[in-house]
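Right, one structure below, let's go through it.
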Amino acid sequence: MKTEIVRVTREQRDTLANLLEKYNYEFSQYDKRKFGEDGLFGYKYLDCYFTEKSRYAYFIYCGGELAGFALLNKYPELDRPIDWSVAEFFVSYNFRRQGVATEAVRQIFEKHKGFYHIKYHRKNEASVRLWHSVAKMYSNGKYELAVGNEPFDDGTQASVLYFEVK
């Protein structure tokens, strides 16, 4: 099925917020984050994706159906040059293991070339496999694995891949 990324508009903010809740719930199994008194995790940078030029939010569609999202920004995870950081990336269960994530990343890299920081939690094995495969493919094997500047909520040091997409 055809995969495409589409820039999220301000009018679609609530849809992105809904998906972020699902993403944060799933991610809480790794970093043990807790939801607030309102029963939501929230995402403190959500509105920034509609007000700051250094942030990009994309929906991922597969076969015309909403399949996930990707958030990019220019905030470093390492003390290395940066053009882009993949802040958050999510593909829902029913679209996984079909090449949707890999194709979405390819389209993101087509639009946004340069030096990337991609942070992941080492307990998220699917994420580890995806990002190492992507880094190897798009950097011709010339990537660096480093420890991030800030740990996750559970105290686990973040792993960060650093490479250039040309």
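Checked against side-chain contact (heavy atoms from CB on, under 4.5 Å), Ser85 has the following partners two or more places apart in sequence or in another chain: Asn73, Glu77, Ile82, His117.
Ring geometry for Trp84 against Tyr116 counts as tilted: the plane angle lies between 30° and 60°, on a 0 to 90° scale. Ring geometry for His121 against Phe27 counts as perpendicular: the plane angle is over 60°, on a 0 to 90° scale with 30° as the lower cut.
Residue Leu71 forms a side-chain contact (heavy atoms from CB on, under 4.5 Å) with just one option from Leu16, Val8, Val86, and that option is Leu16.
Tyr23 approaches Ala87 most closely through the heavy-atom pair OH-O, 4.5 Å. The two residues Gly148 and Val160 come nearest to each other via the heavy atoms CA-CG2, 3.6 Å. Scanning all heavy atoms of the two residues, the minimum distance from Tyr143 to His132 falls at OH-ND1, 3.6 Å. Val134 and Phe109 make their closest contact through CG1-CE1, 3.4 Å (heavy atoms, listed as atom of the first residue, atom of the second, distance). The two residues Tyr162 and Pro81 have their closest heavy-atom pair at CE1-O, 3.0 Å. In terms of heavy-atom proximity, Arg13 sits nearest to Asp47 at NE-OD1, 2.6 Å.
Without hydrogens or angle criteria, Gln98 side chain to Asn94 main chain gives a donor-acceptor distance under 3.5 Å. Checked by atom type and distance alone, the side chain of Asp31 pairs as donor or acceptor with a backbone atom of Arg33 at under 3.5 Å. At least one donor-acceptor pair closer than 3.5 Å links the side chain of Ser139 to the backbone N or O of Ala135. Although no hydrogens or angles enter the test, the distance criterion places no donor-acceptor pair under 3.5 Å between the side chain of Glu21 and the main chain of Asn18. Under the 3.5 Å distance criterion, the side-chain polar atoms of Gln107 are matched with a main-chain donor or acceptor of Thr3. Although no hydrogens or angles enter the test, the distance criterion places a donor-acceptor pair under 3.5 Å between the side chain of Asp83 and the main chain of Phe115. Using a distance-only test at 3.5 Å, with no hydrogens or angles considered, no donor-acceptor pair links the side chain of Arg122 to the main chain of Ala158.
Between Phe90 and Phe69, a ring centre-to-centre spacing shorter than 6.0 Å is recorded.
Using modelled atom types, one finds no donor on one side chain facing an acceptor on the other under 3.5 Å when comparing Glu164 with Tyr138. Judged by distance alone, the side chains of Gln12 and Thr9 do bring a donor and an acceptor atom under 3.5 Å apart.
In the hydrophobic clustering of ILVMFWY residues, with side-chain heavy atoms under 4.5 Å counting as a link, Val105 and Leu72 come out together. The hydrophobic cluster containing Leu19 does not contain Phe89, counting ILVMFWY residues as joined when their side-chain heavy atoms lie under 4.5 angstrom apart, directly or transitively.
For CD of Gln157, the number of neighbouring non-hydrogen atoms (other residues, nucleotides, ligands) closer than 6.0 Å is greater than 12.
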**Report entry** Worked verdict on Asp153 versus Lys34 for salt bridge (charged side-chain N to carboxylate O under 4.0 Å, His left out)
**Finding:** CA-CA 9 Å; Asp153 289 353; Lys34 296 171 177 40; over 6 Å; no
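Looking at heavy atoms from C-beta onward, Lys111 lies out of side-chain contact with Tyr56 at the 4.5 angstrom threshold.
Geometrically, Arg10 does not engage Phe50 in a cation-pi contact defined by less than 6.0 Å to the ring centre and at most 45° from the axis.
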